[in-house]
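Here is the structure we will look at, set down as C-alpha cells.
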Amino acid sequence: MQWIIVHQGDTLSRIAAANHMTKELLAALNPEAASQPYLLTGQMLRITPGTGRRYAVQPGEKVAVIALRFGLNEEELREANPEIANIPDWCGRCIHIPDSNGKTIVKLQGEYGYREMSRDIGLLEKKYPFIEIGSIGSSVMGKALPYLRLGQGPRHIHVNASVHANEWLTTAVLMRFIEEYAKAYSTHTPWHQFQTERWMQETTLWAVPMVNPDGVELVQEGVVNDHPHAEDLLEWNAGRSHFTHWKSNIRGVDLNDQFPAYWEEEAARRGITSPGPRDYAGTAPLSEPEAWALAQWTEQHPFDAVVSLHSQGQEIYWNYRDLEPKESAPLSRRLAKASGYKAVKLGGSDAGYKDWFIQKFRKPGFTVEVGLGVNPLPLDQFDDICVEVGMLLAELLSDREH
C-alpha cells in the first residue's frame, strides 16, 4: 500500500488511471474521499499501483507473443513495464497490460478536460505538423479556446464541441476523429473506406474542441481549492457542492442560448432570469466571451457547413425556422444513415449556434446529439460514439453530392 498527495485538478478517475487502478478499487481504498463531491488539494489517498489488467508470464513465453495476444506490439508492452523493460526473460513476472489503443494520443484516462485536450493538441501538432493550431479567443477565466485546422481545400467545414459543460465527452470524440484523420493521411491509408488525401485536397476542416473550458473544469473538479468564483457558483447551484449537471459557463450563462437568432424569444420562453446551471440566456446576445469569440471567428471564415456536437439522444437537428437551404434536409438524411442517428426537424428552439449560423449565412448547420443516457455520458460509450460521429463527419467531408 502506498500514499499519494492530491494535486489541483486531480479526480478519482484521473488518479486511478494514472496508477493502473479501477476507480472502484481506489474508492474502496478511500471511502472518505469517495464520499466527497470533489478531491481537495493536499489530501492523501491510499493506492495500490500496478493493479488493473495484469498478467502472470508463463514459462517460455516471449514478450512479443504476449503483446500480440493483447493487441499490442512488443515496444508498447515493454514501455508499460519500465522496471523490467530491458530484461529478456519475463518468466514468473506479473506484468501490467496497457490498453490496446497503444500509441493513440487521444485516450480516456478518467475525465477528459482542458488539460488533457491541451496536452493532446500539443502532441498532435508535434506528430502531424500539417495540423494548424490557433486560438479563437479566451474564456471568462482566461483559458485559450483552441482550434485545429486540417486540409487546404476550397470547401470549409467547422465542427465544435463542449458548448455545454457536462457534455465534455464530445471533446474527446472530436479530438479522436482528428487524430485518426491525421494518422490515416500521414500513412497514406484510408480512414475506413474514405480517402483522406481527397479530404485534404477538397476540404478544410476547422475544429474547436472545447468552447466552454471553464464550465468543463467546474463539472469535473468543482469549486474546491480556493476557486475564484466559488461563492457565486454555490449560490447559483442552490448550495449544492456537486456540479455534474452544470451546462453553463462559469458565469452561469448557457452558451447555446447566447446567439442572436431570436434571442429575446428564447430568453422569454426559458423564463430564467438569473445565472444558474442551465437555460439562462444572459443579459444580451453574445454577452459571454466564449459565445462572442465563436461568433466572430465564424464570421471571419467562409464555412460551407457547421456541426455542433452535444449529448445526448442520437439525433441530428438540421432546420431553423425554414431558413435552412434546400440541401440541408437531404444532407441530414445522409448523415443520419452514416451515423445510425435520426434526422429530426426541430421547432420551438432559438438562439443556438446552429440556429444563428443558418439564419445569418443560409447554409447547412447541424446540432448532433451523441450517445444515450444522462450527462456526463458513461465513458464506456466512448468507442461507439467515436465510430458514429466519425462516420457522420466522414460523410460530411466527402459530400459526394457537392
Side-chain angles (χ1 to χ4, degrees), residues 8-9 11 37-38 111 113-115 117 136-145 160-171 208-296 308-312 349-356 367 369 374-377:
Q8 187 165 350
T11 66
Y38 298 97
E111 293 88 351
Y114 187 75
R115 66 178 184 180
M117 177 194 67
I136 71 169
S138 300
S139 70
V140 171
M141 296 181 68
K143 295 182 180 67
L145 306 177
N160 62 58
S162 289
V163 174
H164 285 146
N166 64 351
E167 299 174 5
W168 52 261
L169 193 65
T170 58
T171 294
V208 178
M210 189 175 288
V211 178
N212 187 6
D214 299 343
V216 169
E217 183 181 74
L218 174 65
V219 168
Q220 296 176 348
E221 302 175 22
V223 294
V224 296
N225 306 321
D226 299 320
H227 193 286
H229 299 274
E231 185 176 350
D232 286 337
L233 288 163
L234 288 169
E235 180 181 348
W236 299 335
N237 202 33
R240 293 171 293 183
S241 56
H242 217 297
F243 289 85
T244 54
H245 60 292
W246 192 273
K247 297 176 68 174
S248 302
N249 75 345
I250 208 68
R251 290 203 292 225
V253 178
D254 192 320
L255 296 179
N256 210 41
D257 286 334
Q258 264 277 287
F259 293 88
Y262 290 87
W263 176 88
E264 294 82 1
E265 290 192 21
E266 181 68 11
R269 182 186 303 115
R270 294 289 193 184
I272 307 296
T273 58
S274 60
R278 56 180 295 163
D279 299 338
Y280 175 54
T283 57
L286 306 181
S287 65
E288 301 310 295
E290 301 92 346
W292 184 88
L294 184 57
Q296 292 295 308
S308 189
L309 297 178
H310 289 254
S311 60
Q312 47 71 42
S349 179
D350 297 285
Y353 174 75
K354 174 266 295 179
D355 307 330
W356 169 76
T367 297
E369 300 281 357
V374 177
N375 292 320
L377 290 176

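Values in this document were obtained by computation on a predicted structure and should not be read as measured data.
Checked options Asn212, Thr170, Asp254; the residue passing with His164 is Asp254 (criterion: side-chain hydrogen bond (donor to acceptor under 3.5 Å, both in side chains)). A side-chain contact (heavy atoms from CB on, under 4.5 Å) with Pro376 is found for one member of Asn166, Val216, Leu169 and no other, namely Asn166.
Residue pairs meeting the salt bridge (Lys or Arg N to Asp or Glu O under 4.0 Å) criterion with at least one member in residues 271-289, sequence neighbours excluded: Arg251-Glu288, Arg270-Asp279. For residues 225-246, the set of pairs meeting the salt bridge (Lys or Arg N to Asp or Glu O under 4.0 Å) definition, not counting sequence neighbours, is empty.
Taken from CG in Leu233 to OG in Ser248, the straight-line distance is 10.0 Å, to the nearest 0.5 Å. The line from OG of Ser311 to CD of Glu369 is 7.0 Å long, rounded to the nearest 0.5 Å. Between Thr244 atom OG1 and Trp168 atom CH2 the span is 11.0 Å, to the nearest 0.5 Å. Taken from OH in Tyr38 to CD in Gln220, the straight-line distance is 9.0 Å, to the nearest 0.5 Å.
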task = Using the side chain to side chain contact (heavy atoms under 4.5 Å, CB included) rule, take His229 and Met141 through it: C-alpha gap first, then chi angles, then the decisive distance, then the call.
result = CA-CA 10 Å; His229 299 274; Met141 296 181 68; 4.0 Å; yes
task = Could you give me the CA-CA distance, side-chain angles and deciding distance for His227 and Ile250, then say whether side chain to side chain contact (heavy atoms under 4.5 Å, CB included) is met?
result = CA-CA 11 Å; His227 193 286; Ile250 208 68; 3.9 Å; yes
key: Stepwise side chain to side chain donor-acceptor pair (under 3.5 Å) check, Gln8 with Asn225   = CA-CA 7 Å; Gln8 187 165 350; Asn225 306 321; 5.6 Å; no
query = Does the pair Leu255 and Val163 meet the rule for a side chain to side chain contact (heavy atoms under 4.5 Å, CB included), with working shown?
reply = CA-CA 6 Å; Leu255 296 179; Val163 174; 3.9 Å; yes
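Within the 4.5 Å cutoff, the side chain of Pro260 has heavy atoms near those of the Trp356 side chain.
When the ring-ring contact (aromatic ring centres under 6.0 Å, His included) test is applied to Phe243, the partners found at least two apart in sequence or on another chain are Trp246. With sequence neighbours left out, Glu221 forms a side-chain hydrogen bond (donor to acceptor under 3.5 Å, both in side chains) with Arg14. By the ring-ring contact (aromatic ring centres under 6.0 Å, His included) test, His245 pairs with no residue at all, sequence neighbours left out. Partners of Ser287 according to the side chain to side chain contact (heavy atoms under 4.5 Å, CB included) rule, which considers only residues two or more places apart in sequence or in another chain, are Gln258, Thr283. Thr11 meets the side-chain hydrogen bond (donor to acceptor under 3.5 Å, both in side chains) test with Glu111; sequence neighbours excluded. Residues satisfying the salt bridge (Lys or Arg N to Asp or Glu O under 4.0 Å) test with Glu265, not counting sequence neighbours, are Arg321. Under the rule for a side chain to side chain contact (heavy atoms under 4.5 Å, CB included), the partners of Ser241 that lie at least two apart in sequence or sit in another chain are Pro37. Under the side-chain hydrogen bond (donor to acceptor under 3.5 Å, both in side chains) criterion, Tyr280 pairs with no residue at all, not counting sequence neighbours. Taking Tyr262 as the reference, nothing meets the ring-ring contact (aromatic ring centres under 6.0 Å, His included) condition, with sequence neighbours excluded. Under the rule for a side-chain hydrogen bond (donor to acceptor under 3.5 Å, both in side chains), the partners of Ser308 that lie at least two apart in sequence or sit in another chain are Asn160, His310.
Thr171 places no side-chain N or O within donor-acceptor distance of the main-chain N or O of Ala161, the cut-off being under 3.5 Å. Checked by atom type and distance alone, the side chain of Asn249 never pairs as donor or acceptor with a backbone atom of Asp214 at under 3.5 Å. In this structure, Tyr114 contributes its side chain and Ala144 its backbone to a donor-acceptor pair below 3.5 Å. Formation of a donor-acceptor pair under 3.5 Å by the Glu167 side chain with backbone atoms of Ser162 is not found in this model. A donor-acceptor contact shorter than 3.5 Å is absent between the side chain of Trp263 and the backbone of Leu286. Although no hydrogens or angles enter the test, the distance criterion places no donor-acceptor pair under 3.5 Å between the side chain of Glu290 and the main chain of Val211.
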